[in-house]
Amino acid sequence: AQKITQTQPGMFVQEKEAVTLDCTYDTSDPSYGLFWYKQPSSGEMIFLIYQGSYDQQNATEGRYSLNFQKARKSANLVISASQLGDSAMYFCAMREGPEGFQKLVFGTGTRLLVSP
Amino acid sequence: DTGVSQDPRHKITKRGQNVTFRCDPISEHNRLYWYRQTLGQGPEFLTYFQNEAQLEKSRLLSDRFSAERPKGSFSTLEIQRTEQGDSAMYLCASSGDSRTYGYTFGSGTRLTVV
C-alpha cells in the first residue's frame with residue numbers, strides 16, 4: 001500500500017497567489033514525522049518544513065505552512081505569495097518510528113509551475 | 001559547512017561496466033543515507049550508515065551494489081556490471097543527532113547506462 005500519496009501530478013498558480021499541495025499518508029505507528037522537500041531542475045532536494053506527529057501546532061517556515069490534519073492523515077503544504085522561483089517538484093515524505101534512524105518514504109511528487 | 005558533496009554529477013557508462021560514486025557529508029553529521037530516484041518518482045531508500053557501520057539496506061540494493069563508509073567520513077556507492085535499469089539519480093544525504101529533523105541532500109549523481 002502507498003504510504004505517501006500525492007494526487008496532483010501538476011499544479012499551476014499565478015505569481016503572488018497561494019497554492020496548496022496535497023499529501024495523505026498511511027501509518028499505524030503513533031510516532032512519525034512528515035516532511036516537504038523542493039526539488040528544482042538542478043536535482044538537489046531542499047528541505048522546506050517538518051511536522052511531528054505529536055506537535056500540537058501546524059508547522060510554519062516563512063511562506064511555507066503545513067496544514068496537518070491528523071485524523072484525516074493529511075499533511076498539505078501551503079505556499080503563500082508564490083514566486084517564480086517556487087517552480088519545482090515538491091515531495092511529501094514520512095519518517096516512521098522514533099527519531100534517530102530517519103529513513104524517509106517519499107510520494108511521487110507534484111510539479112508546481114508559477115506563471116507571471 | 002559546505003553542504004553534502006557528490007561526485008561525479010553525471011556519469012554515462014556502457015552496460016556491464018562498474019561505476020563508483022562518492023559522497024562527502026556535512027562533517028559533523030554521523031548519519032549518511034543513499035537514495036535512488038528514477039524518472040517521475042520520489043527518492044527510494046537504498047542504505048543507511050551510522051558512523052562507519054552500515055545499519056540498514058533496502059532489498060532494492062542487489063548484490064551488484066555495495067556501499068562503504070570507511071572511518072565514518074565519506075561514503076562510496078559502487079555498482080558492478082551495470083544494467084540499463086540502473087539509470088537513475090543517486091542521492092546522498094546526511095543528518096546529525098535526533099533533534100535534526102531534516103536531512104541535507106547532495107545534488108546527486110545522474111547515472112545513464114547505455
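Letters go in sequence order (proteins before strands), and every chain restarts at 1.
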Quick one: pull up [atom1] in [X] and [atom2] in [Y] and give me the separation to the nearest 0.5 Å.
X	Y	atom1	atom2	answer
B:Leu91	A:Glu44	CG	CD	10.0 Å
B:Gln37	A:Gln39	CD	CD	4.0 Å
A:Arg95	B:Ser95	CZ	OG	10.5 Å
A:Tyr37	B:Phe105	OH	CZ	5.0 Å
A:Lys103	B:Thr47	NZ	OG1	10.5 Å

Count the heavy atoms belonging to other residues, nucleotides or ligands that lie under 6.0 Å from [atom1] of [X], then report whether that count exceeds 12.
X	atom1	value
B:Leu39	CG	no
B:Ile12	CD1	no
A:Lys73	NZ	yes
B:Arg15	CZ	no
B:Glu68	CD	no
A:Lys16	NZ	no

Between B:Ser107, B:Ala93, B:Gly40, B:Gly106, which shows the greatest number of heavy-atom pairs under 4.5 Å with chain A?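 Of the candidates given, the most pairs with chain A belong to B:Ser107.
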Tell me which one of B:Tyr103, B:Tyr33, B:Phe45 satisfies side-chain contact (heavy atoms from CB on, under 4.5 Å) with A:Leu104. B:Tyr103
Segment of A:Leu48 engaging chain B (4.5 angstrom heavy-atom cut-off):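 Neither part.
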Measure across A:Ser42 and B:Arg9 and return the closest heavy-atom pair with its distance rounded to 0.1 Å. O-NH2, 3.2 Å
With clusters defined by side-chain heavy atoms of hydrophobic residues (ILVMFWY) lying less than 4.5 Å apart, directly or transitively, does B:Met89 cluster with A:Ile46? no
